[in-house]
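Encoded as structure tokens, the structure appears first; notes follow it.
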Amino acid sequence: MSKELVKSYDPKEIEDKLYQKWLNKGYFHAKVNPDKKPFTIVMPPPNITGQLHMGHALDNTMQDILIRFRRMQGYEVLWQPGTDHAAIATEVKVTNMLKNLGIEKQEIGREEFLKYTWKWKEKYGSRIIKQLYKLGVSADWERERFTMDEGCSNAVEKVFVRLYEKGWIYKGSRIINWCPKCQTSLSDVEVEHENQDGFFWYINYPIAGEKNQYIEIATTRPETLLGDTAVAVNPEDKRYQGLIGKMLKLPLINREIPVIADNEYVDKEFGTGCVKITPAHDPNDFKVGKKHNLEEINILNDDATINEKGGQYAGMDRYKARKSIVSDLEKQGLLVKVVPYTHAVGIHDRCHTTVEPMIKPQWFVRMKEMARASLEVLKTEDLNFVPERFNKIYLYWLKNTKDWCISRQLWWGHRIPVWYCQECGEILIKKGVVPDKCLKCGCTNLRQDEDTLDTWFSSALWPFSTLGWPDETSELTYFYPTSVLVTGYDIIFFWVIRMVFSGLEQTGKLPFKHVLIHGLVRDS
């Protein structure tokens, strides 16, 4: 007697059993096979911050189409899966979870916090993998990786030491993007710019020793005048030629600052033709400050309150200080006018807090040589984007890139493999070794750097670290370089470019030849 088919399809009855059968039979597992041509795709590793979204479904479906097609053509196909530790995003999630439990991150300390974070990873990392199972993706789950597993961590440490010994990683005090909420530095690509309605405040700075004589400046951030160390004018501007070299009295603080000449930075047609210079809180002012040997005065605490260098405004939130400063300038007759002005403001792409440009000692990667090599492979067509128009994003970023700030003031992530001698200040860096004494003075009082590395530092190594690099494994020899990368256009400068320059620098080979770019799912 034949069994009657049910009227509606019930995936629960079919899909889980079928997928488990595929796994049991090893249908997705790739092996080194010299008799076959390899085809490799690395899965963009999802962040362990919760669960997948429709964008992941789109991205993985497109990869699966290519993977299954090549399998049917007889290639030895590897679809390399895994997940990303997502330093900032995960730390924010875990910190908020702990707050809901009445636990403060700082109170429990680093080690205890990391225990909670690993538990989070086990819970949400597993959820993401199960969701990918549900999608039916034919990835090689026997090779699943995590950006903080032992092998990937070994690769990260190797690259850090290599680049440091080459002189391409250095520590220096430079202007960085600072998030007052997450209290960490950010790279330029983690800062989004949005137009906000604000004001231009026009302020008179008194000329020292001259009664009722002023120089007028305009600013969108009045609170930063507390850190001004000069006012710049264009030497060709006849209005101010006689003032170059004179001293001004900084309003409200009464510290004296010079009038300097700079024809490259000051546009005599813009604003008043006079520009306040705050080297510690503006990237362009920072360059001017270095050029003219100006003092760098940081007037902000890490939480964006005014520090002790802000005089009577110390302790105030940056926006409360702004209101007080404007009010006090008005009382002293130094506020000339206020003009509405719409301008681009940088915000942290994760928490949407307005970032502060701030001088801080951080670790950086020199980008000049690696950017040049990455540009060359596009010119020679060794690398190609599909559609080709996305070349423009790649080219623009590389031509305008600055040194990459890689240190983060976080606990979750790859801790920077640097130790400092507390007696003589010697820096000790050696792969795979925790030093027990200073190589210079012999003392044992050593402290490891508290910071962790930018998440993208490790995911930049994903195409080869997942295959065993820095060891010369048979998988690395056979499956690398990979064949194609499939991803959205929003991640070209975050991830694609960093994989290109990291692959070229560390392996001497492009990590992939083709980059297939798809659109983003925008509808909520």
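Computed from a prediction, not measured in an experiment: that's the story for all the values here.
Residues R372 and E369 are paired through a salt bridge, judged by an N-O separation under 4.0 Å between the basic side chain and the carboxylate.
Side-chain contact between T401 and F501 is absent, with no heavy atoms from C-beta onward closer than 4.5 Å. Counting heavy atoms from C-beta on, the side chains of L504 and M370 never come closer than 4.5 Å. Within the 4.5 Å cutoff, the side chain of M148 has heavy atoms near those of the H414 side chain. For the pair I128 and H56, the minimum side-chain heavy-atom distance is 4.5 Å or more. For the pair L446/Q448, no side-chain contact is recorded, criterion being any heavy-atom separation below 4.5 Å from C-beta on. Considering only heavy atoms from C-beta on, C421 stays 4.5 Å or farther from K440 through its side chain. Contact annotation: the side chain of T220 approaches that of F200 to within less than 4.5 Å [non-hydrogen atoms, C-beta and beyond]. With contacts defined as side-chain heavy-atom distances shorter than 4.5 Å, the pair L250/L248 does not qualify.
Between I207 and I215, the shortest heavy-atom contact is CG1-N, 4.4 Å. Closest approach of I416 and S407 over heavy atoms only: CD1-CB, 3.8 Å. Here the closest non-hydrogen pair linking M367 and D403 is N-OD1, 3.2 Å. Here the shortest heavy-atom pairing between P44 and D59 reads CG-OD2, 3.4 Å. Between L461 and S502, the shortest heavy-atom contact is CD2-CB, 4.0 Å. Scanning both residues, A155 and S465, for their nearest heavy atoms gives CB-CB, 3.8 Å.
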Problem set entry | Audit row: R110, E450, side chain to side chain contact (heavy atoms under 4.5 Å, CB included) steps and yes/no | CA-CA 10 Å; R110 186 174 197 140; E450 294 290 329; 3.2 Å; yes
For this session: For the pair T487 and I517, evaluate side chain to side chain contact (heavy atoms under 4.5 Å, CB included) and give the outcome as yes or no after the intermediate values.
Result: CA-CA 5 Å; T487 192; I517 298 293; 3.9 Å; yes
For this session: Could you give me the CA-CA distance, side-chain angles and deciding distance for Y313 and E223, then say whether side chain to side chain contact (heavy atoms under 4.5 Å, CB included) is met?
Result: CA-CA 9 Å; Y313 307 100; E223 67 279 9; over 6 Å; no
Exercise. Should T354 and Y319 be marked as a side chain to side chain contact (heavy atoms under 4.5 Å, CB included) after you check the CA-CA gap, both sets of side-chain angles, and the distance that decides it?
Worked result: CA-CA 11 Å; T354 300; Y319 298 123; 3.6 Å; yes
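Annotation: salt bridge (charged side-chain N to carboxylate O under 4.0 Å, His left out) contacts involving residues 247-265, sequence neighbours excluded, comprise D262-K291, E264-K291. Residue pairs that meet the salt bridge (charged side-chain N to carboxylate O under 4.0 Å, His left out) test with at least one member in residues 160-170, sequence neighbours left out, are K166-E505. Here salt bridge (charged side-chain N to carboxylate O under 4.0 Å, His left out) pairs that include residues 193-219, with residues two or more places apart or in two chains, are E210-K246. Pairs passing the salt bridge (charged side-chain N to carboxylate O under 4.0 Å, His left out) check and including a residue from residues 301-316, sequence neighbours excluded, read D302-K360.
For the residue pair S187 / E190, a side-chain donor-acceptor distance below 3.5 Å is found, with atom types taken as modelled. Looking at N47 and Y124, their side chains never bring a donor and an acceptor atom within 3.5 Å of each other.
Residues meeting the ring-ring contact (aromatic ring centres under 6.0 Å, His included) test with W201, sequence neighbours left out: F199. Not a single ring-ring contact (aromatic ring centres under 6.0 Å, His included) links Y240 to another residue, sequence neighbours left out. For Y116, the ring-ring contact (aromatic ring centres under 6.0 Å, His included) criterion is met by no residue, not counting sequence neighbours. Evaluation of the side chain to side chain donor-acceptor pair (under 3.5 Å) rule for N301 yields T305 as partners, not counting sequence neighbours. Residues meeting the side chain to side chain donor-acceptor pair (under 3.5 Å) test with Y396, sequence neighbours left out: none. Scored by the side chain to side chain donor-acceptor pair (under 3.5 Å) test, K105 finds E91 as partners (sequence neighbours excluded). Every residue two or more places apart in sequence or in another chain that forms a side chain to side chain donor-acceptor pair (under 3.5 Å) with W363 is listed here: D449.
A distance-only check finds a donor-acceptor pair linking the side chain of W495 to the backbone of S459 [under 3.5 Å]. A donor-acceptor contact shorter than 3.5 Å is absent between the side chain of N154 and the backbone of E150. The main-chain N or O of V345 is never found under 3.5 Å from a side-chain atom of H193 such that the two would form a donor-acceptor pair. Within the 3.5 Å criterion, the main-chain N or O of T455 finds a donor-acceptor partner in the side chain of S458. Side-chain atoms of Y202 do not come within 3.5 Å of backbone N or O of T272 as any donor-acceptor pair. Between the side chain of R145 and the main chain of P45, no donor-acceptor pair closer than 3.5 Å is present. Side chain of T184 to backbone of R408: no donor-acceptor contact under 3.5 angstrom is found. Within the 3.5 Å criterion, the main-chain N or O of A280 finds no donor-acceptor partner in the side chain of N298. For S327 (side chain) and K323 (main-chain N/O), no donor-acceptor pair under 3.5 Å exists by modelled atom type. Without hydrogens or angle criteria, N195 side chain to T342 main chain gives no donor-acceptor distance under 3.5 Å.
Considering NZ of K399 and OG of S374, their distance stands at 13.5 Å, rounded to 0.5 Å. Interatomic distance, CD1 of I257 versus OG1 of T229, reported as 7.0 Å (0.5 Å rounding). Distance CD1/I217 to NZ/K276: 6.0 Å, rounded to 0.5 Å. A distance of 8.5 Å separates CZ of R322 from OG1 of T224, quoted to the nearest 0.5 Å.
Other residues, nucleotides and ligands contribute at most 12 non-hydrogen atoms within 6.0 Å of the NZ atom of K402. Within a 6.0 Å radius of CZ in R522, other residues, nucleotides and ligands contribute 12 heavy atoms or fewer. Atom CE of M97 has more than 12 heavy atoms from other residues, nucleotides or ligands within 6.0 Å.
Below 30°, between 30° and 60°, or above 60°: for Y170 and F364 the angle between ring planes is below 30°, a parallel geometry. Using cut-offs of 30° and 60° for the angle between ring planes, the Y164 and F160 rings count as parallel.
A centroid separation of 6.0 Å or more is found between the aromatic rings of W462 and W469.
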When the side chains of residues 83-90 are checked against the rest of the protein, which donor-acceptor pairs come out under 3.5 Å, sequence neighbours left out?
| residue | atom | partner | partner atom | Å |
| --- | --- | --- | --- | --- |
| D84 | OD1 | A86 | N | 2.7 |
| H85 | ND1 | T147 | OG1 | 2.7 |
| T90 | OG1 | H85 | O | 2.7 |
| T90 | OG1 | A86 | O | 2.9 |

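Relative to the ring axis of F146, K121 places its NZ or CZ within 45° and under 6.0 Å from the centre.
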